[in-house]
Amino acid sequence: MCARAPLAARPLRERHGQVRAAVWRSSAPPYRLPSKRARLAGAPRERDMPPDGVGAIQMSQGPMMRGSAVPPARSRPGSDRAVTVAASNPRSPGGGGGDDRSNTAIITRTKPRTKRPSLYRVLLLNDDYTPMEFVVHVVERFFNKSHEDAYQIMMHVHHNGVGECGVFTYEVAETKVTQVMDFARKHQHPLQCVMEKK
């Protein structure tokens with residue numbers, strides 16, 4: 001059985017091949033193979049980090065040759081998300097030649113989620129004084145409905161006492177209600193328009 005020379009005494013090409021082999025032999029495949037300098041330094045570069053939306057990824061690295069300190073937490077420029085990098089040092093002070101495949105780093109990032117706005121239904125209420133043609137005109141003008149759709153909504157209001165003209169966010173629904181009420185008062189009709197949360 002032939003004894004091999006220590007890693008530092010081997011030619012650079014052989015060392016480079018072992019570092020690459022150690023990277024590909026890890027339990028989880030890396031997102032992107034780090035550059036040679038990053039593999040030798042033991043910390044991934046920012047452009048080697050996974051894209052947005054990736055929760056936790058296990059990346060393998062080469063041995064840490066220039067120190068045993070764990071890289072600090074960093075964040076990308078212009079980003080409010082922090083990236084935490086934790087690496088283990090295979091070469092403990094008392095240990096003799098650890099396994100290069102045990103080097104792993106876990107990268108976690110939190111992605112802020114935007115909340116969907118609440119939706120509100122805009123409703124027309126039936127009364128005994130507002131003409132049907134005026135209600136059809138209001139629905140066509142303020143809710144962008146065709147004449148047939150406006151007529152169906154008006155008939156629904158007439159038979160059931162209330163009819164839905166549309167579903168909007170709070171600000172848009174409030175504006176529609178105000179526009180309809182002002183238009184009805186301007187033409188001296190007691191048409192009522194309200195909004196309710198869906």
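- The pair R121-E164 meets the salt-bridge criterion, with a side-chain N (NZ, NE, NH1 or NH2) lying under 4.0 Å from an Asp/Glu carboxylate O.
- Nearest heavy atom pair, residue E140 against residue S146, reads CG-O, 4.2 Å.
- Taken from CD in E174 to OG1 in T169, the straight-line distance is 10.0 Å, to the nearest 0.5 Å.
- A distance of 10.0 Å separates SG of C193 from CD of Q179, quoted to the nearest 0.5 Å.
- Residues L191 and D127 share a closest heavy-atom pair of CA-OD2, 3.6 Å.
- Put simply, CD on E196 and NZ on K198 are 10.5 Å apart, with the number rounded to the nearest 0.5 Å.
- Cluster membership check: V180 shares its hydrophobic cluster with M155, using side-chain heavy-atom separations under 4.5 Å among Ile, Leu, Val, Met, Phe, Trp and Tyr.
- Put simply, the side chain of Q192 does not reach to within 4.5 Å of the side chain of L124, judged on heavy atoms.
- A single hydrophobic cluster is not seen to contain both M195 and L119; linkage of ILVMFWY side chains at heavy-atom distances under 4.5 Å, directly or through other members, places them apart.
- The hydrophobic cluster containing V136 also contains M181, counting ILVMFWY residues as joined when their side-chain heavy atoms lie under 4.5 angstrom apart, directly or transitively.
- Contact annotation: the side chain of V177 never approaches that of V194 to less than 4.5 Å [non-hydrogen atoms, C-beta and beyond].
- In the hydrophobic clustering of this structure, M132 groups with V138; members are Ile, Leu, Val, Met, Phe, Trp, Tyr whose side-chain heavy atoms approach within less than 4.5 Å, directly or through other members.
- Proximity of H156 to Q152: side-chain heavy atoms (C-beta onward) are nowhere separated by under 4.5 Å.
- For F134 and F183, the ring centers are positioned less than 6.0 Å apart.
- Cation-pi geometry between K176 and F168 is met: the NZ or CZ atom falls under 6.0 Å from the ring centre, inside 45° of the normal.
- Between the CD1 atom of I153 and the CZ atom of F143 there is a distance of 8.0 Å, given to the nearest 0.5 Å.
- Within the model, atoms CE of M154 and OG1 of T130 stand 12.0 Å from one another, a figure rounded to the nearest 0.5 Å.
- Residues L123 and V172 fall into different hydrophobic clusters, defined by Ile, Leu, Val, Met, Phe, Trp and Tyr side chains chained together at heavy-atom separations under 4.5 Å.
- Two rings, from H137 and F142, have their centers 6.0 Å or more apart.
- Heavy-atom minimum distance, L125 versus V157: C-CG1, 3.9 Å.
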